[in-house]
Each structure stands twice: as structure tokens, then as C-alpha cells.
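Right, one structure below, let's go through it.
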Amino acid sequence: MTYDTNNIFAKILRGEIPCQKVYEDSHVLAFNDIVPKAPVHILVLPKGAYTDMDDFTRRASAEEIAALFRALGQIARDKGLDQPGYRTIVNCGSDGGQEVPHLHLHLLGGRRLGRMVEKAA
Ligand code: 5GP
């Protein structure tokens, strides 16, 4: 899939659309999800133009990959989620239910999150 430079997260990264920023460094931007599914629901994005997890794990540098995961862990600790815990979800492609075609990690916490998926089909 080619990267759509007009996707909503590309516009947020360019500052064309506002967001509630939680964290930023040279490789990563994180902000609150506009429709939170838990008391804490933060989206953690690489700044590079990657469509999804498949694209990112093919093309991203080791530095970009490390930065994304380091940032997620740091944000979780900053939000006090390391205890009692949290969930990270990455939707990839149509079966994964991905809606926005710029890779993002969901960081969810602040309550018991229940089952991971509904049930096996
Ligand atoms: P996906 O289904 O692609 O994994 O998740 C996309 C997420 O982006 C959804 O949880 C949705 O609520 C969130 N989202 C969509 N548009 C916006 C927006 O304009 N701003 C913010 N902060 N979140 C958005």
C-alpha cells in the first residue's frame, strides 16, 4: 500500500489538525485518542511515513523502531500504568481493523480491560 499523505494522522503530524499531545521526540508523536475506549487511550505514532506494522517492520530503521517502543513504555510509566498494567494494540490492515493508514500503537489503561478479542471464529 502506498502512503496516503492526506490521512488524518499525517495532517496531525504536519500540525494542520490539532491534537492533545502527550509526548514528542525526534521520531515519535503521541496524543489522546479522540474517541477513548478506556480512561487512558493514547495513540503512539512514528513520525516517519509508514502505513502500518508490516510497512514499519520492513522499512524502519532500528533507531526508529527502538524509539517507538521506548516512547510507549515511557508514556505508560508517566501515566502510572506500569502498575497495575495496560494494553497495547496495533491494528494492521483490514482483518486487523485498521482505520487510519499511518502506523499507530494504541496504549489503553486505567481500568480492567477484559478479554483481548471477542472469540475465535
Ligand atoms: P485504528 O482503527 O486505525 O487502529 O485506530 C484509529 C484510531 O484513531 C481510533 O481509535 C480513532 O478514535 C482515532 N482517531 C481517528 N481520527 C482521529 C483524530 O482526528 N484525532 C485523534 N486524536 N484520534 C483520531
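Order of appearance sets the numbers: ligands from 1, and atoms from 1 within every ligand.
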Worksheet item: For ligand 1, which atoms have a heavy atom of His106 less than 4.0 angstrom away?
Response: 1 (P), 4 (O), 5 (O), 7 (C), 10 (O)

Worksheet item: When you measure from atom 16 (N) of ligand 1 to each heavy atom in Val35, Ile8, Leu103, which option holds the nearest one?
Response: Ile8

Worksheet item: Is there a donor-acceptor pair closer than 3.5 Å between any side-chain N or O of Gln98 and the backbone N or O of Thr51?
Response: yes

Practice prompt. Please indicate whether Arg59 has more than 12 foreign heavy atoms, meaning atoms of other residues, nucleotides or ligands, lying under 6.0 Å from its CZ.
Written response: yes

Practice prompt. Report yes if His41 has an N/O atom closer than 3.5 Å to an N/O atom of ligand 1; otherwise report no.
Written response: no

Worksheet, complete the sentence: At under 4.0 Å between heavy atoms, what of Leu43 touches ligand 1? The answer is side chain

Worksheet entry | Neighbour count above 12 (heavy atom, 6.0 Å) for Arg14 CZ | yes

Worksheet entry | Nitrogen or oxygen atoms of Gln98 and ligand 1 under 3.5 Å apart | no

Worksheet item: Using heavy atoms and a threshold below 4.0 Å, how should the contact between Gln20 and ligand 1 be classified: side chain, backbone, both, or neither?
Response: neither

Worksheet item: In this structure, are over 12 heavy atoms from other groups packed under 6.0 Å from Arg111 atom CZ?
Response: yes

Discussion item. Could you check whether atom NZ of Lys47 has more than 12 heavy atoms from other residues, nucleotides or ligands sitting under 6.0 Å from it?
Written reply: yes

Worksheet, complete the sentence: The atoms of ligand 1 lying under 4.0 Å from a heavy atom of Asn91, numbered in the order shown, are 1 (P), 2 (O), 4 (O)

Discussion item. Within the supplied structure, the quantity of interest is the number of heavy atoms (other residues, nucleotides, ligands) at a distance under 6.0 Å from Lys37 NZ; does it exceed 12?
Written reply: yes

Worksheet item: Considering only protein heavy atoms, which is closest to atom 22 (N) of ligand 1, and at what distance to one decimal place?
Response: Asn32 O, 2.9 Å

Discussion item. Below 3.5 Å, N or O to N or O, backbone or side chain included: is there any such pair between Ile17 and ligand 1?
Written reply: no

Fill in: Closest approach of any protein heavy atom to atom 14 (N) of ligand 1, naming residue and atom
Ile34 CG2, 3.8 Å

Fill in: Closest candidate by heavy atom, reference atom 3 (O) of ligand 1, pool Lys37, Lys21, Lys11, Glu99
Glu99

Worksheet item: Counting heavy atoms not belonging to Glu16, are there more than 12 under 6.0 Å from its CD?
Response: yes

Practice prompt. Report the C-alpha distance between Phe9 and Leu43 in whole Å, list the side-chain angles of each, state the deciding distance to 0.1 Å, and finish with yes or no for side-chain contact (heavy atoms from CB on, under 4.5 Å).
Written response: CA-CA 10 Å; Phe9 292 169; Leu43 302 173; 3.5 Å; yes

Practice prompt. If you have a sec, work out which protein heavy atom is nearest atom 8 (O) of ligand 1 and how many Å separate them, to one decimal?
Written response: Phe9 CZ, 3.3 Å

Practice prompt. Please write down residue, atom name and distance for the protein heavy atom closest to atom 10 (O) of ligand 1.
Written response: Asp33 OD2, 2.5 Å

Practice prompt. Distance to 0.1 Å, residue and atom name: give those for the protein heavy atom nearest to atom 6 (C) of ligand 1.
Written response: His104 NE2, 3.5 Å

Worksheet item: So, His104 versus His106, ring centres under 6.0 angstrom or not?
Response: yes

Item to complete: Using a strict cut-off of 4.0 Å, indicate which atoms of ligand 1 neighbour a heavy atom of Gly97.
Response: 2 (O)

Worksheet item: Between Leu81, Leu105, Val44, which is the residue that forms a side chain to side chain contact (heavy atoms under 4.5 Å, CB included) with Ile75?
Response: Val44

